[in-house]
Number of protein chains: 2
Amino acid sequence: MNIGQAAEASGVSAKMIRYYESIALIPKTVRTESGYRVYSDSDVHTLRFIRRARDLGFSVEQISDLVSLWQDRERASKDVKRIAQEHVTVLQRKIVELQQMAETLNHLATTCHGDGRPDCPIIQELASNDAPHCSSAAGTKFGTLGKAPTRR
Amino acid sequence: MNIGQAAEASGVSAKMIRYYESIALIPKTVRTESGYRVYSDSDVHTLRFIRRARDLGFSVEQISDLVSLWQDRERASKDVKRIAQEHVTVLQRKIVELQQMAETLNHLATTCHGDGRPDCPIIQELASNDAPHCSSAAGTKFGTLGKAPTRR
DNA sequence: GTGATCCCTCCCACCATGGGAAGGTCAAGT
DNA sequence: ACTTGACCTTCCCATGGTGGGAGGGATCAC
């Protein structure tokens with residue numbers, strides 16, 4: 001199977017498959033004489049595993065751990081459980097942060113009359129001098145989970 | 001005021017101030033003879049405005065619009081309200097997605113006995129062949145809001 | 001005058017993904 | 001056999017915000 005078919009079958013784009021190979025998340029594949037990558041059903045299975053983990057918002061690093069555990073027959077389920085639970089914690093923290101943002105903004109939008117007049121509490125709040133420093137969100141490493149695959 | 005003081009006073013790092021200038025989110029500042037950037041209280045005010053908008057998860061592009069509206073005395077509050085409401089919608093969609101992820105994962109982690117045995121429903125689910133394609137999240141442009149500033 | 005602390009610009013890195021160019025390969029149809 | 005189009009390869013670039021650091025100049029406090 002060529003990379004295009006593997007991509008189709010697994011739901012991971014060809015570009016991403018090559019990328020995953022380059023960062024050693026998946027091993028280098030067999031190549032044809034002319035250099036085409038060749039994939040087996042088992043490779044597609046792995047790719048599908050990876051895609052599902054991405055759908056659940058795991059980072060590539062976490063996925064790497066999960067793949068190892070998956071392929072390790074001696075694994076302890078508590079290792080997997082730990083990764084999953086850590087991830088749930090991070091997700092929940094993100095959810096709270098986003099909810100706070102949405103609430104604040106929603107409140108502001110509600111009190112904004114939204115007509116042609118220039119007075120606008122949203123702008124006033126943003127421009128105010130007193131510091132609602134919003135410290136609850138500060139310092140949270142946000143980036144690692146921000147993206148979900150924009151598939152198809 | 002030098003860039004360091006402006007950074008301190010506004011809560012936006014010096015690096016970011018230069019970046020915002022480079023992408024024309026803020027205008028080019030006056031410079032001293034030796035090339036140092038000089039900031040006024042009003043500039044700091046603008047920076048603080050920007051930082052708050054970032055705290056609320058607005059993208060730089062949206063902030064650019066908000067800054068224009070802020071500085072436009074003729075602005076209509078409905079323009080501001082529209083931006084805010086669009087943003088709330090996006091936030092809410094993200095929240096739902098994250099909640100779905102967290103729920104799925106939490107369910108899996110709960111059913112995983114989490115001991116030394118290798119059997120693990122989390123891994124089984126990820127590896128299963130039937131396709132829980134999680135289509136609800138598909139196609140959602142996730143990236144634009146994934147990051148919140150990692151301040152201090 | 002000297003050392004510490006600023007500031008400048010420029011480049012690189014992150015993460016995961018897509019776009020595209022330039023060129024090689026393969027299979028199907030004429 | 002030849003063309004055509006679909007596929008594959010590698011390589012580079014861009015995204016969005018942010019940080020890190022090198023190499024060099026400016027300023028300030030003592």
Side-chain angles (χ1 to χ4, degrees), chain A residues 1-26 28-39 47 50-51 53-64 90 137-152, chain B residues 1-26 28-39 47 50-51 53-64 90 137-152:
Chain A
M1 189 176 351
N2 282 341
I3 198 170
Q5 282 134 21
E8 180 69 18
S10 67
V12 179
S13 74
K15 264 216 126 123
M16 278 304 99
I17 296 176
R18 293 195 197 100
Y19 171 68
Y20 290 155
E21 185 186 308
S22 81
I23 60 170
L25 176 57
I26 53 178
K28 299 208 169 182
T29 55
V30 184
R31 304 279 190 125
T32 64
E33 285 181 24
S34 53
Y36 282 24
R37 287 172 181 84
V38 177
Y39 297 89
L47 285 169
I50 291 170
R51 186 185 56 69
R54 286 268 335 121
D55 282 349
L56 288 172
F58 285 99
S59 71
V60 168
E61 206 187 336
Q62 287 173 315
I63 294 175
S64 181
V90 175
T140 309
K141 202 95 190 191
F142 216 118
T144 41
L145 280 160
K147 286 179 187 232
T150 312
R151 217 162 334 89
R152 270 193 286 293
Chain B
M1 185 175 356
N2 282 342
I3 198 169
Q5 283 133 24
E8 180 69 17
S10 66
V12 179
S13 74
K15 260 230 114 135
M16 279 302 101
I17 296 176
R18 293 195 198 100
Y19 171 69
Y20 290 154
E21 185 187 308
S22 81
I23 61 169
L25 176 57
I26 53 179
K28 300 207 170 185
T29 54
V30 184
R31 303 280 189 125
T32 63
E33 285 181 24
S34 53
Y36 282 25
R37 288 172 180 82
V38 177
Y39 297 89
L47 286 169
I50 290 170
R51 186 183 56 70
R54 286 256 352 112
D55 281 349
L56 288 173
F58 284 100
S59 70
V60 167
E61 205 187 337
Q62 288 172 316
I63 294 174
S64 181
V90 174
T140 310
K141 203 90 190 197
F142 216 119
T144 40
L145 280 160
K147 285 175 189 236
T150 312
R151 218 158 339 85
R152 266 193 289 289

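Letters go in sequence order (proteins before strands), and every chain restarts at 1.
Residue A/S34 places at least one side-chain N or O under 4.0 Å from the OP1 or OP2 atom of C/dC26. Residue A/S13 places none of its side-chain N or O atoms closer than 4.0 Å to OP1 or OP2 of C/dT17. Phosphate contact (OP1/OP2 of D/dC8, side-chain N/O of A/R18, threshold under 4.0 Å): absent.
Atom CD in A/E33 sits about 15 Å away from atom P in D/dT9, given to the nearest Å. Distance, B/M1 CE to D/dT27 P: 18 Å, rounded to whole Å. One atom, CD of A/Q5, and another, P of C/dC26, lie 14 Å apart when rounded to the nearest Å. Rounded to whole Å, atom C1' of C/dT17 lies 14 Å from atom CG of A/L25. One atom, CD1 of A/I23, and another, C1' of C/dA13, lie 15 Å apart when rounded to the nearest Å. Look at CD on A/E21: it is 17 Å from P on C/dA16, rounded to the nearest Å. Straight-line distance from the CD atom of A/E8 to the P atom of D/dC7: 10 Å, rounded to whole Å. Between the CD atom of A/Q62 and the P atom of C/dC15 there is a distance of 12 Å, rounded to whole Å.
Distance from the side chain of B/R31 is smallest for C/dC8 among the nucleotides D/dG17, C/dC8, D/dG19. If you check C/dC8, D/dG17, C/dA16 against the side chain of B/R37, the one that comes closest is C/dC8.
In terms of position along DNA chain C, the nucleotide closest to A/K15 lies nearer the 5' end than the nucleotide closest to the other residue of the pair A/K15 and A/T32.
Between the side chain of A/Y19 and the base of C/dG18, no donor-acceptor pair of N or O atoms lies under 3.5 Å. Contact of B/Y20 with D/dG17 (side chain to base): no donor-acceptor pair of N or O atoms is detected under 3.5 Å. Judged by atom type and distance alone, B/Y36 reaches the base of C/dC6 through a side-chain donor-acceptor pair under 3.5 Å.
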Yes or no on side-chain contact (heavy atoms from CB on, under 4.5 Å) for B/Q62 and B/S59, after CA distance, side-chain angles and deciding distance?
CA-CA 5 Å; B/Q62 288 172 316; B/S59 70; 3.5 Å; yes

Let me see the working for A/R37 and A/E21 under side-chain contact (heavy atoms from CB on, under 4.5 Å), right down to the final yes or no.
CA-CA 11 Å; A/R37 287 172 181 84; A/E21 185 186 308; 3.0 Å; yes

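The closest side-chain heavy-atom distance from B/Y19 to B/K15 is not below 4.5 Å.
Counting all heavy atoms, side chain and backbone alike, A/I17 lies closest to A/Y39 at CG2-OH, 3.3 Å. Closest approach of B/V38 to B/R31, counting heavy atoms only: CG2-C, 4.4 Å.
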